Amino acid sequence: MEDTQSVATLLESTTAKIQQLQKAFAELEGHRALTLNMKWKQIEDHFHGLEKNLKRRFTALEDQENEFKKKTIQSQQVLKNRQADVLAKEEASLDKLQGKRDVGVAAITRALGTHRNGRANNIKKLTEDDVKALSNPQLVKLCEKMDSGGLHKFISDNRRNLASIKEEIPIALRAAVDPGGLVLDSLGGFYISDAIKNSNLLGVRRTCIMLMECLSILLANLDVSTVYDVIDDDVKERAKAIAEEWKPKLNDIDVDASNGNSLEAHAFLQLVATFGIDSGLVQDDLLKLIPMVCRRRQTADLCRFLGLSEKMPGVINVLVNSGRHIDAVNLAISFDLTEQFSPVWLLKSYLNESRRQCSPTAQNDANEKEVSALKCVIKCIEDHKLENHYPLDPLQKRILQLEKAKAEKKRATEVSKPQFKRPRANGVAAGYMPRNTNYTRMTERYAPPTQYMYDNRPYGYHVPAENHISQFMGGVTYNMAPNHGSYYVNGFQYQAAYIH
């Protein structure tokens with residue numbers, strides 16, 4: 001556009017320049033010495049011809065430019081129209097696609113809702129009367145909200161009522177939309193970084209195990225199809241991911257320090273059993289965890305559920321070889337293996353081992369260890385009602401004998417200590433007081449104890465049952481089968497390989 005205007009300006013100035021040229025030519029003719037053959041008229045015609053030719057060409061160029069602009073505007077309009085058509089078609093396609101998407105999402109939502117409702121409907125609904133019958137109705141609300149954190153907190157705040165809470169949690173879980181997912185959500189705090197010291201970690205871990213046990217109780221009361229609805233593939237995948245995360249941590253467990261009461265190993269076995277997952281561990285690998293949890297009261301049921309019953313002879317051999325005869329007796333009775341592993345033989349072997357391990361020079365410690373071993377054996381006999389096969393009287397008399405020896409040695413030590421004379425206020429030493437001639441009273445006062453006194457005192461080993469459990473068995477209780485077979489004092493040891 002600027003070039004066109006410049007050309008038009010130059011053409012307009014042509015006439016003025018011709019006039020200037022005419023004046024210059026006139027001046028030139030006035031000074032000429034010779035007559036030029038060329039006249040001004042010829043020059044003027046020549047330049048006017050050039051001017052007309054340039055204007056004609058310029059006009060033609062302007063016409064072409066205008067035509068080009070017109071065509072450009074027409075092309076742009078066509079492009080705009082086409083672009084508008086394309087946008088309209090795209091919007092129509094998007095609207096149509098969005099409509100199909102909305103229909104699909106709605107269908108999926110309905111399907112999920114139907115599945116969840118079906119899952120919930122398969123579990124017997126809680127009625128208002130059921131909720132009112134609970135002593136802890138708050139559990140139902142927490143399960144309805146799928147509030148795993150609130151569930152943990154409620155259990156922690158009500159530890160005194162733990163027995164009733166554990167009985168009612170399987171009932172309250174029926175109110176949850178996804179009971180399996182709720183329990184899995186509760187496992188998030190089981191492992192805490194070593195950098196974080198949490199005094200409540202043991203309580204959190206016990207609660208996690210208890211919730212898995214409660215879910216197992218709920219599942220045990222459902223039919224197979226309903227169990228699959230509660231523990232579906234998604235829940236199993238989540239449980240498997242947690243098991244894969246926990247599995248490497250089991251390598252850090254100190255078997256000796258766990259003393260058969262490892263919460264980590266127990267939680268792993270309970271996770272595998274409750275959710276029926278393939279943990280990636282073969283049976284022999286699972287068996288390695290049993291000695292770590294053999295004092296937990298749930299061990300026998302877990303082994304049966306995991307299909308490890310046939311492998312128990314190998315586990316019992318491992319326990320015997322590691323000096324854990326009491327645990328071996330408990331498992332032998334739980335799995336009806338008393339013909340292969342005589343409880344009487346195991347208990348006597350345990351007492352013999354405890355005596356051999358004591359140092360003769362440390363007699364006091366040796367007596368204490370033997371008394372402790374005797375009490376453990378007596379407790380095991382009482383728990384499993386083995387009195388007919390292993391009488392308690394010799395064991396109780398041995399405890400009295402050891403405690404009597406300990407008391408006599410203590411008195412002898414006290415008598416042998418030097419008695420320092422303490423000066424009195426009157427300056428007379430305590431050793432020079434007037435002699436007491438009342439020999440009868442002195443004799444009665446310091447008469448040595450008779451055998452009768454010891455034989456008629458209460459047994460020193462007797463403690464309440466709950467103290468026995470917490471002190472010696474770590475809370476373990478085992479139920480004796482109605483008919484546990486015969487026991488032989490000289491029973492043989494079943495030499496079955498434990499791990500191949």
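In this text, all values refer to a predicted model and were calculated from it rather than measured experimentally.
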task: Give the C-alpha distance, both sets of side-chain angles, the deciding distance and a yes or no for side chain to side chain contact (heavy atoms under 4.5 Å, CB included) between Ile231 and Thr274.
output: CA-CA 9 Å; Ile231 308 296; Thr274 300; 5.9 Å; no

query: Which pairs pass side-chain hydrogen bond (donor to acceptor under 3.5 Å, both in side chains) with one or both residues in residues 152-162, sequence neighbours excluded?
result: Lys153-Asp157, Arg159-Thr207

Considering non-hydrogen atoms only, spot the tightest contact between [X] and [Y] and give its length.
{"X": "Ala243", "Y": "Ile277", "value": "CB-CD1, 3.6 Å"}
{"X": "Leu182", "Y": "Ala176", "value": "CD2-CB, 4.1 Å"}
{"X": "Ile290", "Y": "Cys303", "value": "CD1-SG, 3.5 Å"}
{"X": "Val204", "Y": "Gly189", "value": "CG1-O, 3.6 Å"}
{"X": "Cys380", "Y": "Asn330", "value": "SG-OD1, 4.2 Å"}
{"X": "Ile316", "Y": "Ala328", "value": "CG2-CB, 3.8 Å"}

Look up atom [atom1] in [X] and atom [atom2] in [Y], then write down how far apart they are to the nearest 0.5 Å.
{"X": "His389", "Y": "Leu347", "atom1": "NE2", "atom2": "CG", "result": "12.0 Å"}
{"X": "Arg238", "Y": "Asp232", "atom1": "CZ", "atom2": "CG", "result": "10.5 Å"}
{"X": "Leu289", "Y": "Ile253", "atom1": "CG", "atom2": "CD1", "result": "7.0 Å"}
{"X": "Met292", "Y": "Asp254", "atom1": "CE", "atom2": "CG", "result": "9.0 Å"}
{"X": "Leu331", "Y": "Ser309", "atom1": "CG", "atom2": "OG", "result": "10.5 Å"}
{"X": "Leu211", "Y": "Leu173", "atom1": "CG", "atom2": "CG", "result": "7.5 Å"}

- prompt: When you measure from the side chain of Thr299 to the backbone N and O of Val293, does any donor-acceptor pair fall under 3.5 Å?
  reply: yes

Taking the side chain as C-beta and beyond, is there a heavy-atom pair between [X] and [Y] under 4.5 Å?
{"X": "Ile381", "Y": "Glu387", "value": "yes"}
{"X": "Leu302", "Y": "His266", "value": "yes"}
{"X": "Val183", "Y": "Phe275", "value": "yes"}
{"X": "Val315", "Y": "Leu308", "value": "no"}
{"X": "Val320", "Y": "Leu346", "value": "yes"}
{"X": "Pro313", "Y": "Phe335", "value": "no"}
{"X": "His384", "Y": "Pro343", "value": "no"}
{"X": "Lys240", "Y": "Glu244", "value": "yes"}

- prompt: Thinking salt bridges, do Lys379 and Asp383 make one under a 4.0 Å N-O criterion?
  reply: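 So Lys379 pairs with Asp383 through a salt bridge.
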
Which residues share a side chain to side chain donor-acceptor pair (under 3.5 Å) with [X], sequence neighbours left out:
{"X": "Asp130", "result": "Thr127"}
{"X": "Arg398", "result": "Glu370, Gln401"}
{"X": "Ser262", "result": "Glu264"}

field: Qualifying ring pair (Phe, Tyr, Trp, His ring centres under 6.0 Å) pairs, either residue in residues 205-224, two or more places apart
entry: none

message: Give me each pair satisfying ring pair (Phe, Tyr, Trp, His ring centres under 6.0 Å) with a member in residues 202-249, each pair once, sequence neighbours excluded.
response: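 Sorted result for residues 202-249: Phe190-Trp246, Tyr191-Trp246.
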
Counting only pairs under 3.5 Å, give me each side-chain donor-acceptor contact of residues 140-150, with atom names and distances, residues two or more places apart or in other chains.
{"unit_1": "Asp147", "atom_1": "OD1", "unit_2": "Gly149", "atom_2": "N", "d": "3.4"}
{"unit_1": "Asp147", "atom_1": "OD1", "unit_2": "Gly150", "atom_2": "N", "d": "2.8"}

- prompt: What do the steps show when you test Cys294 against Leu319 for side chain to side chain contact (heavy atoms under 4.5 Å, CB included), and what is the final call?
  reply: CA-CA 9 Å; Cys294 60; Leu319 293 174; 4.0 Å; yes

I'd like to check the side chain to side chain contact (heavy atoms under 4.5 Å, CB included) partners of [X]; sequence neighbours left out, ordered by chain and number.
{"X": "Ala373", "answer": "Tyr350, Leu351, Ser354"}
{"X": "Asn352", "answer": "Arg355, Arg356"}
{"X": "Asp223", "answer": "Ser225, Thr226"}
{"X": "Arg206", "answer": "Leu202, Leu263"}

Are more than 12 heavy atoms, taken from residues, nucleotides or ligands other than [X], located less than 6.0 Å from that residue's [atom1] atom?
{"X": "Lys166", "atom1": "NZ", "result": "yes"}
{"X": "Glu310", "atom1": "CD", "result": "no"}
{"X": "Phe305", "atom1": "CZ", "result": "no"}

task: Tell me, with the steps shown, if Val377 and His325 meet side chain to side chain contact (heavy atoms under 4.5 Å, CB included).
output: CA-CA 10 Å; Val377 170; His325 298 70; over 6 Å; no

query: Met312 pairs by side-chain contact (heavy atoms from CB on, under 4.5 Å) with which of Asp336, Asn317, Leu287?
result: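 Exactly one option meets the side-chain contact (heavy atoms from CB on, under 4.5 Å) with Met312, and it is Leu287.
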
- prompt: Who are the salt bridge (Lys or Arg N to Asp or Glu O under 4.0 Å) partners of Asp301, not counting sequence neighbours?
  reply: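 Per chain and number, Asp301 pairs via salt bridge (Lys or Arg N to Asp or Glu O under 4.0 Å) with Arg304.
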
- prompt: If we ignore angles and hydrogens, is there a donor and acceptor under 3.5 Å between the side chains of Glu213 and Gln298?
  reply: yes

Candidate pair Gln270 and Cys208, rule side chain to side chain contact (heavy atoms under 4.5 Å, CB included), full reasoning: CA-CA 10 Å; Gln270 190 67 58; Cys208 291; over 6 Å; no

